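As a basis for the values below, the full set of heavy atoms in this structure was taken, side chains included, without hydrogen atoms, waters or symmetry mates. Note that this is a predicted model, so its numbers are computed, not measured.
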Amino acid sequence: MLGRTAFHTGCCRLQQCCFLSLPPPHPPELHRLHYSASSGSRKLRAGQEAGQINSAQVDRILKANEYSLTLPRGPASHGVLGFHSNMLPSNLPCEDRQSSATCLAGRGGVLFGVFDGHTGPACAHAVSQRLFYYIAVAALPLRTLAELERAVEEERAVTPLLEWHKYPQDLSYPNGEVTSFHSLRNYWQERLETEEEDEEEDDNRTTSALVNAFHRLDYDLSVEAQVHLSLTSPRQVSFPGEGLSLTSPLRVALSGCTACVVHISNGVLHVANLGDSRAVLGVQEADGSWSAINLTNDHNAQNPEELQRILGEHPAEQRTVIRHDRLLGLLLPFRAFGDVRFKWSADMLSRVYETRPDVLSAVSEAVRTMPPHYLTPPYLSTEPEITRHCVGPADKFLVLATDGLWELMHRQTVIQLVGDHLTALQQQRPIIPCEGTTLGDLQRLLLERRGRVLSALEDQNIATHLIRHTLGDDGYGAVAPNRLAKMLSLPVDLARRCSQQEARVTFKQCNSLRKRRGGAAQLAAQSGIILPPRADRCGCSLLADGDHVLDFVEKLRHQCFIEPAGEDLKSSVQ
């Protein structure tokens, strides 16, 4: 279509952005496990032998799909340094997708998105490939669209609209460029015919572009499915799904996906959310602490306003429209792409269910029957909720994730983990001991801090770090290796939904130590404490558990000929 694939290396400006993203076509293969029925307590076994994976296997599984990209320095990055991403799917085939791209035309910007599929991967796959094009077309001035249309008519080279930041796994996915290009061209032709050029402000233009793009893409997915139905006839199939590819319009429309998309341009961030994925901003306060700022609201029964919206749109169905916190008792999110069985008329759905068993064989068994109490469609909305935020100096990163992450971990914990990891990777703040701190206390503090640094450096990819903590958290902020290994050893049918999470995080690389030092100096340097140049020679012999830190400083001054900087330490303690 109208884009190109790019891989970049380098460094970007100050503002940072963290992004959670999506899956590979297949998850890493695990041992075939089963529970032994001969024991009262369930034990995981691989074959006939007890099978808990070791630490090397854990790392291989967690890091199999991690990916990171640093965007090039310059105005084209719009202040985004880059991102980290990882995916640990729990189901086959994996139903989630991700996208990231730079807008090349118009006012530009950087786009990130996560797409949580359900009832199969077809809809999430199509939306991840097409939505950014619709956003670009919706945002372009009409004169630019006119030039684009003339180039297509004259069969001239077309200026790319997007520069994709493709993952290695993305290259193996199929695409439906012919159908999607025709629909996209129809969209910009319709804009040229029906709209007039205006001087709408940038923020309003971006908001309108996001809303219009979401609506138009979902409309096109529905129309393409109806056209496909009218042009094809029922056929006998030898096995489920025969003759219907992943990009088949019918498979796309009958499946569905939520979407959480971020557009960043010139220091302004817009989030368009549809469903129950989330975007959470990591803000560093003046005292160095971290705060989590929600930029999205969940569109499900846990949101009272969303619940009232659904009940208000279907006042005669108060007892049936929401059952067991699900739409018509079936669907958890109240807003999504696709899912035409919650949008089409009852007559159209009846024709599909009665005359096209070949189509239904290609989709999940859960959608092969009409929804109950289907009286006043459409029930499912494609109206995205837009949030605008001006990026400030304290805004350090952004986390985008599907619901799997947020079900297991509070947003504040997620931001704290990412923030602490960024701090460990960049620079450890110096320790200023309190009055009464003994050298034994200081040594324990140094050892603990060194352990945290080594743990942080274990995962250079911050998305992997998040997944490791989500699955292996011991309840005290650390990772329990045995718990993590057991979670990753679960059979596919017992794997928790928490595995369906992705993360992209931007960060600045920390500088490594300029030279290695031994003894107390090495421990201090690795833990963020700066000792004087000669402290390493005499400091070890002075360590005594009962000594106070201020006394230790005085000894260093006398024995190492240190300038009287210890007074500063005393004053800071006081």
Side-chain angles (χ1 to χ4, degrees), residues 1-3 13 15 17 19 71 74-80 99-113 127-128 130-152 158-165 180 183-220 259-274 279 281 295-297 335 337 381-392 395 398 400:
M1 283 181 64
L2 306 176
R13 293 192 289 114
Q15 300 301 332
C17 201
F19 172 66
L71 298 181
S77 69
H78 295 271
V80 179
S99 291
S100 58
T102 298
C103 297
L104 300 177
R107 294 169 175 81
V110 183
L111 286 164
F112 300 103
V127 173
S128 69
R130 299 175 59 176
L131 180 59
F132 287 4
Y133 284 116
Y134 278 73
I135 294 173
V137 167
L140 284 178
L142 295 182
R143 60 181 179 275
T144 305
L145 290 180
E147 295 172 0
L148 182 63
E149 175 63 18
R150 283 195 296 270
V152 173
V158 176
T159 302
L161 298 180
L162 300 172
E163 186 170 41
W164 289 97
H165 309 304
S180 57
S183 296
L184 185 67
R185 187 183 182 188
N186 288 337
Y187 178 32
W188 80 57
Q189 287 174 338
E190 184 176 311
R191 283 199 61 200
L192 289 171
E193 293 172 358
T194 61
E195 296 181 18
E196 295 182 359
E197 195 73 77
D198 56 25
E199 298 299 329
E200 193 174 18
E201 295 181 3
D202 285 356
D203 287 342
N204 293 335
R205 183 188 295 272
T206 301
T207 298
S208 299
L210 290 168
V211 172
N212 293 337
F214 273 62
H215 283 307
R216 181 59 186 231
L217 176 57
D218 192 65
Y219 170 82
D220 284 350
C260 188
V261 172
V262 174
H263 177 274
I264 305 172
S265 178
N266 298 321
V268 179
L269 184 152
H270 288 83
V271 181
N273 186 49
L274 191 75
L281 190 66
L295 298 181
T296 56
N297 296 308
R335 306 190 195 190
F337 282 104
S381 171
T382 320
E383 178 76 19
E385 186 172 7
I386 309 296
T387 303
R388 178 186 179 275
H389 178 81
C390 289
V391 179
D395 302 331
L398 180 69
L400 269 71

- Does the pair L148 and V158 meet the rule for a side-chain contact (heavy atoms from CB on, under 4.5 Å), with working shown? CA-CA 7 Å; L148 182 63; V158 176; 3.0 Å; yes
- Message: What verdict does the side-chain contact (heavy atoms from CB on, under 4.5 Å) test give for V261 and I135, after you've listed the backbone C-alpha separation in whole Å, the side-chain angles of each residue and the deciding distance to 0.1 Å?
- Response: CA-CA 10 Å; V261 172; I135 294 173; 4.1 Å; yes
- Evaluate the side-chain contact (heavy atoms from CB on, under 4.5 Å) criterion for residues S265 and V110: first the C-alpha distance (whole Å), next the side-chain angles of each, then the deciding distance (0.1 Å), finally the verdict. CA-CA 7 Å; S265 178; V110 183; over 6 Å; no
- Message: Please determine whether side-chain contact (heavy atoms from CB on, under 4.5 Å) holds for the pair W188 and L140, giving the CA-CA distance in whole Å, both sets of side-chain angles, and the decisive distance to 0.1 Å.
- Response: CA-CA 9 Å; W188 80 57; L140 284 178; over 6 Å; no
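What you find for C390 and V268 is that their closest heavy atoms are SG-CG2, 4.4 Å. When all heavy atoms are compared, the tightest approach of W164 to S100 is CE3-O, 3.6 Å. Closest approach of L71 to S77, counting heavy atoms only: CB-CB, 4.2 Å. Contact detail for I386 and A272: the closest heavy-atom pair is CD1-CB, 3.5 Å. Taking both residues in full, the closest heavy atoms of A209 and A138 are given as O-CB, 3.5 Å, listed atom of the first, atom of the second, then distance.
Donor-acceptor pairing under 3.5 Å is recorded for the side chains of T382 and D218.
Residues L269 and L295 meet the side-chain proximity criterion, which asks for heavy atoms closer than 4.5 Å. The shortest distance between side-chain heavy atoms of E149 and R185 falls below 4.5 Å. Within the 4.5 Å cutoff, the side chain of C103 has heavy atoms near those of the L162 side chain. Residues T159 and L104 form no side-chain contact, since every pair of their non-hydrogen atoms from C-beta on lies 4.5 Å or further apart.
From F132, atom CZ reaches atom CD of E163 across 14.0 Å, with rounding to the nearest 0.5 Å. With rounding to the nearest 0.5 angstrom, the NE2 atom of H389 is 4.5 Å from the CG atom of L281.
Remark: N186 engages Q189, R216 in a side-chain contact (heavy atoms from CB on, under 4.5 Å) (not counting sequence neighbours). Listed by chain and number, the residues in a side-chain contact (heavy atoms from CB on, under 4.5 Å) with S381 are R309, R335, E383 (sequence neighbours excluded).
Ring planes of Y187 and Y134: parallel class, angle under 30° (limits at 30 and 60°).
A donor-acceptor pair under 3.5 Å is absent between the side-chain atoms of S99 and the main chain of G113, judged by distance alone. A distance-only check finds no donor-acceptor pair linking the side chain of T387 to the backbone of V271 [under 3.5 Å]. Of the possible donor and acceptor atoms, none in the side chain of R107 sits under 3.5 Å from a partner among the backbone N and O of T206. Not one N or O on the side chain of D220 forms a donor-acceptor pair closer than 3.5 Å with the backbone of L184. R191 places no side-chain N or O within donor-acceptor distance of the main-chain N or O of L145, the cut-off being under 3.5 Å. Between the side chain of H78 and the backbone N or O of G109, at least one donor-acceptor pair lies under 3.5 Å.
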